[in-house]
Structures are given as structure tokens and as C-alpha cells.
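Atom set for the values below is all heavy atoms of this structure, side chains included, hydrogens, waters and symmetry mates excluded.
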Amino acid sequence: MLGTSTSKLINSIGVILLIIILNLEFSVDQIGLYFFLFGIVDLLSNIAGGIGNALRKRVSAREGKQSDYLTTALSATFFMQMVITVAIILLVLIIPRSILPDILKGVTFELLLGAIILLIIQSTGKIMLNYNSGLGYPSRSGWLGRALPGTLFFILSVIIIYLQLGLVYIFAAGSISYGVSASLMLLTTKPDLTATPSIENLKSLLRFGKWSIPNKIMMNFYGSLDVIILGILVSSTAVGYYESSDSIARIVFTIPFGLGAVLSVKISGLDAEGRHEEIREIVGKTLPISVSIPIGALFMFLVFGELTLEAVFGSEFVAAYAFLIGLSIKEILAAYRKPVNDLNYGLDRPRIPFTSNLCAVITNIVTVLPLVYFFGGIGVVISTVLAEIVRLVLLWNFTSDYLQQVNYLGLILPFVVIIPTSAIFWMIRRTVESGDPLFIAIQAVSFAVIYLSALYIGLEQMDGESNSSD
């Protein structure tokens with residue numbers, strides 16, 4: 001779990017550093033244009049992510065490398081990406097440029113080509129990442145499939161900015177990074193790529209994939225839809241505010257992400273052996289850990305959010321404060337959801353996440369336009385939070401048979417600890433108006449230490465009482 005969480009953390013920090021570097025050469029509008037296109041690429045590449053989820057499930061349930069499953073998944077992914085590429089080219093040729101939104105008018109042929117190449121290579125990387133994880137190497141797949149391309153992407157971006165090259169080269173850097181990542185995962189697993197893809201394997205993947213592919217798309221739908229709606233209806237500047245805030249807010253998701261990645265593989269094995277009581281115990285212990293850091297981060301951002309944005313990205317990003325708070329709330333809801341979501345994947349019940357995700361997407365689509373009309377760009381974030389609430393409630397309700405051993409007091413304990421802590425530091429910030437960076441850093445560190453210490457003591461005491469009662 002530690003390796004998977006660390007790799008996710010490095011990847012998240014890489015996004016923050018990328019925005020900082022891009023800010024040296026490009027305007028907020030240009031940064032927004034990049035993330036607008038990347039959001040579309042990321043959304044479409046989740047077709048491969050869904051196939052990858054099915055591949056991971058099938059490989060983890062069998063002995064050996066299952067090379068024929070890998071070649072089948074790669075073939076299906078390549079076919080789907082070719083269909084998407086042809087469709088994009090046809091749309092570009094058919095739709096008159098004069099009726100396009102302003103942000104799409106800024107997309108040159110070179111940028112479009114760079115985005116398409118990135119889509120194909122990133123999709124291949126997602127297949128290889130899930131294949132590695134399914135073989136029992138979730139930590140290695142996290143390092144090679146997430147941390148490595150993020151780090152390499154950042155290094156190449158620094159070189160591109162230093163050479164003062166255009167935005168299209170940033171997409172080229174992404175393609176190179178994911179290409180190296182996919183190649184290394186291929187070399188470390190050494191599958192037999194001459195294994196013949198089969199219709200039987202494709203049918204097996206699609207039995208799971210008919211749920212996991214739309215699931216994967218919908219799980220990513222909020223972030224991608226947010227960026228697309230902001231770009232089309234508001235401005236590319238709003239996209240820049242959203243992405244900068246999201247990059248900070250998502251750092252705290254590394255703990256739930258790492259727990260979920262390990263949990264899915266572990267539960268898949270226990271389910272195959274019929275050890276369902278152990279599954280309930282694992283889920284009950286996982287959830288309180290999953291939510292602790294995101295809750296603390298939200299209240300820290302309430303107190304220090306504007307200072308954080310200014311220190312990391314510059315004074316022009318202080319206006320993104322409301323985005324940061326809203327997206328931090330979203331990460332808390334995601335932390336409550338992630339372990340339960342992966343529990344269902346481990347139990348081979350993808351229909352449950354699909355149903356909850358579908359209802360959440362409908363909520364998002366129905367509410368986003370009126371909320372943008374009344375509240376502007378922040379309306380997109382409000383819509384996403386509402387959709388996350390719907391998704392969480394339905395997912396927990398559908399999975400209640402495996403949540404009997406969850407300590408619900410442990411799920412609300414972080415709020416009990418953090419509210420008085422944040423109130424004290426909020427009063428200090430308002431009473432002692434000091435702009436000294438050292439003084440602010442001491443406050444932030446003290447905030448984190450007090451919260452985590454009190455939370456640890458509380459959870460340990462609850463765990464001790466639980467064991468004694470058993």
C-alpha cells in the first residue's frame with residue numbers, strides 16, 4: 001500500500017510542479033487550453049482503463065502470465081482508439097470552424113495531432129498498468145505506470161520551457177513519458193506478445209468490461225466534464241483555476257487510492273477462497289484510515305488555502321480559493337467511496353459501481369448547466385459535489401452486506417478532532433496578521449501535527465476498546 005500511495009503522491013506533486021513550470025512560459029489561458037485538451041484525452045483513454053480493469057480481474061484470478069489475455073486487451077484497445085481517431089478527424093472536417101466555441105478555435109492541427117498520439121500511447125500504458133497489477137505487483141505498477149511518467153513528463157516539460165518551445169511539445173513530452181512507462185512495464189513482466197488474441201478471451205473481458213468500461217469513463221467523467229464545461233461555457237482561465245486547485249486537493253487522495261489498489265487485489269483472492277468474513281473485517285478497518293487525511297486537508301485549506309495557492313502558483317491564482325475548497329470536499333467524499341468501490345471490483349460485482357456512477361453522472365449532467373448559469377465557474381464544482389454525494393449514498397446502500405463491521409464512530413472522529421483545531425488556528429490567523437512565511441509555515445505544521453496526533457490517539461483508543469469487547 002505504501003508503494004502505491006507514494007507513487008500516486010509523486011504523480012500528484014508532478015502535476016503541481018507542471019503547472020508551476022507552465023506558468024513560467026504560458027498564460028493562465030494557455031494552461032487552461034492544455035488541460036482542456038488533456039481532459040478530453042483522459043476521458044477517452046478510460047475506455048482502455050475499463051478494459052484494463054477487466055484484464056486485471058481475469059489475470060489476478062488465474063495462475064501464470066495469461067499473455068493471451070494481454071494481447072487480446074491490447075488489440076481491442078488499439079481498435080477502439082482507431083475508431084475514435086477516425087471519428088475526431090471526420091468531426092474536424094465536417095463542423096464549420098465559425099460555430100465552434102472560442103476555446104476550440106485555439107486548437108491548431110498540431111495540437112490536435114499531439115492529443116491523438118497521446119491518447120493512443122496513454123491508453124496502452126493503462127493496459128500495461130492493470131496487467132502488472134493483476135499479476136500481483138500493484139506497487140510496481142504504481143511506480144512504473146504513474147510515478148515514472150509523471151516524473152519524466154515534468155523533466156521534459158522543464159526542458160521544453162527552457163528552450164521556449166510551443167504547447168504542442170508538451171503533448172509530445174506526455175507521449176514520450178507514457179511510451180517509456182509502457183515499455184518498462186512490458187520488459188519487467190515479459191509476456192509472450194506472440195500469443196494469439198482470441199474471441200473467447202475478448203468475450204471474457206467484455207463480460208466484466210460491459211460494466212467496467214462505462215464505469216471507468218463515468219468515474220473520470222466529473223473531472224473531465226468539469227474541465228470541458230468550464231472551457232466551453234466559462235473560459236480557459238476558469239479551467240486553469242480548476243486544474244491548479246484540483247492538483248492540490250488530489251494530493252490527499254493518495255491514501256485512499258493506495259488502500260483501494262491493494263484492497264481490490266486482496267479481496268479478489270479472498271473471494272475466490274470464500275473467506276467473506278475476513279473481507280468484512282478488512283473493509284471495516286480500511287475506511288477510517290481512508291478518510292482521515294482528506295478531512296484534515298479540507299479544514300487546513302479553509303484556514304491556509306489562499307496562502308497555499310499564492311505560495312505555489314502565484315498571486316493570480318488566489319482567485320481559485322473557492323475551487324480549492326469545493327474540490328477538497330469532493331476528495332473527502334471520494335475517500336469514503338474509493339475502498340467500497342474497489343471492494344465491489346474485487347468481488348466481481350462491477351454492476352454496483354456502474355449503477356451508482358450512472359446515477360451520479362445523470363445528477364451531474366442535470367445540475368451543471370443551471371448551477372453554472374447562477375453561480376458561474378464554481379457552479380461546476382457544486383454540481384460535482386452533488387453528484388459525488390449521490391454516488392456515495394447509492395454505493396454504500398448497494399454494498400451494505402459487506403459493511404456491517406465498519407466502525408461509524410471512526411468515520412466521524414476526524415471531524416470531532418479537526419473542527420476545534422481549525423477554529424483555534426483560524427482565530428490565530430485573524431488575530432496575528434503576519435505575512436512572515438516562516439510564521440505561516442510553523443502554524444501549518446503545528447496544525448497538521450496536532451490534528452494527526454489527536455486522531456491517532458482517538459483511533460488507537462477505539463481500536464483497543466473494540467478488541468477488548470471481542
Side-chain angles (χ1 to χ4, degrees), residues 14-15 17-48 77-78 80-126 149-183 220 223-225 227-240 242-244 247:
V15 175
L17 294 175
L18 173 64
I19 296 175
I20 294 172
I21 292 299
L22 292 177
N23 199 34
L24 297 176
E25 177 69 19
F26 303 109
S27 66
V28 178
D29 283 349
Q30 289 175 302
I31 294 173
L33 174 60
Y34 165 76
F35 281 108
F36 174 79
L37 289 174
F38 187 83
I40 296 175
V41 169
D42 200 38
L43 178 64
L44 294 175
S45 70
N46 276 288
I47 296 174
T77 300
F78 182 75
M80 291 301 299
Q81 301 311 334
M82 288 300 99
V83 171
I84 291 172
T85 299
V86 172
I88 291 173
I89 293 173
L90 289 176
L91 288 174
V92 169
L93 295 175
I94 293 172
I95 300 176
R97 191 174 181 84
S98 58
I99 68 172
L100 294 175
D102 290 340
I103 194 169
L104 290 178
K105 292 178 182 177
V107 179
T108 63
F109 173 77
E110 290 80 8
L111 280 175
L112 180 62
L113 181 61
I116 290 174
I117 294 173
L118 176 60
L119 169 64
I120 295 171
I121 297 178
Q122 187 185 70
S123 297
T124 304
K126 289 187 175 184
T151 304
L152 184 57
F153 187 28
F154 172 73
I155 294 171
L156 293 176
S157 298
V158 171
I159 296 173
I160 289 168
I161 296 300
Y162 177 76
L163 296 176
Q164 296 184 323
L165 300 175
L167 198 60
V168 66
Y169 289 92
I170 301 295
F171 281 96
S175 297
I176 293 171
S177 302
Y178 279 103
V180 171
S181 168
S183 299
N220 182 260
S224 299
L225 179 67
V227 168
I228 294 169
I229 291 293
L230 283 171
I232 293 175
L233 297 183
V234 186
S235 66
S236 55
T237 300
V239 175
Y242 180 97
E243 285 294 339
S244 59
S247 66

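Note that the CD1 atom of Ile120 and the CD1 atom of Ile117 stand 7.5 Å from one another [nearest 0.5 Å]. Note that CD1 of Ile121 and OG of Ser183 are 9.0 Å apart. Values are rounded to the nearest 0.5 Å. The line from CD1 of Ile40 to CZ of Phe35 is 14.0 Å long, rounded to the nearest 0.5 Å. Distance check: Tyr169 OH to Ile160 CD1 gives 9.0 Å after rounding to the nearest 0.5 Å. Taking CG of Leu33 as the start and OG1 of Thr108 as the end, the distance is 8.5 Å to the nearest 0.5 Å. Taking CD1 of Ile88 as the reference point, atom CG of Leu93 lies at 12.0 Å (rounded to 0.5 Å).
Of all the heavy atoms in Ser177 and Leu152, the pair that sits closest is OG-C, 3.5 Å. Shortest non-hydrogen contact noted between Gly174 and Leu118 is C-CD1, 3.6 Å. In this structure, Leu167 and Gln30 approach most closely via the heavy-atom pair CD2-O, 3.8 Å. The heavy-atom pair separating Val227 from Phe36 by the smallest distance is CG1-CA, 3.5 Å. Here the shortest heavy-atom pairing between Ile31 and Ile19 reads CD1-O, 4.3 Å. Residues Val239 and Gly32 approach most closely at CG1-O, 3.3 Å, considering heavy atoms.
For Phe171, the ring-ring contact (aromatic ring centres under 6.0 Å, His included) partners are Tyr34, not counting sequence neighbours. Scored by the side chain to side chain donor-acceptor pair (under 3.5 Å) test, Ser236 finds Asp29 as partners (sequence neighbours excluded). Gln81 is linked by a side chain to side chain donor-acceptor pair (under 3.5 Å) to Ser123, counting only residues two or more places apart in sequence or in another chain. Residues satisfying the side chain to side chain donor-acceptor pair (under 3.5 Å) test with Thr124, not counting sequence neighbours, are none. Ile161 is linked by a side chain to side chain contact (heavy atoms under 4.5 Å, CB included) to Ile21, Leu22, Leu24, Glu25, Phe26, counting only residues two or more places apart in sequence or in another chain. Scanning for side chain to side chain donor-acceptor pair (under 3.5 Å) contacts around Ser157 gives an empty result, with sequence neighbours left out.
Under the side chain to side chain contact (heavy atoms under 4.5 Å, CB included) rule, Leu119 has a single partner from Ile84, Asp42, Ile47, which is Ile84.
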Report task. For side-chain contact (heavy atoms from CB on, under 4.5 Å), just list the numbers for Phe153 and Ile170, CA-CA rounded to whole Å, side-chain angles, deciding distance to a tenth of an Å, and then say yes or no. Result -> CA-CA 8 Å; Phe153 187 28; Ile170 301 295; 3.7 Å; yes

Requested in this report: Applying side-chain contact (heavy atoms from CB on, under 4.5 Å), run through Leu112 and Ile89 and close with a yes or a no.
Outcome: CA-CA 9 Å; Leu112 180 62; Ile89 293 173; 5.9 Å; no

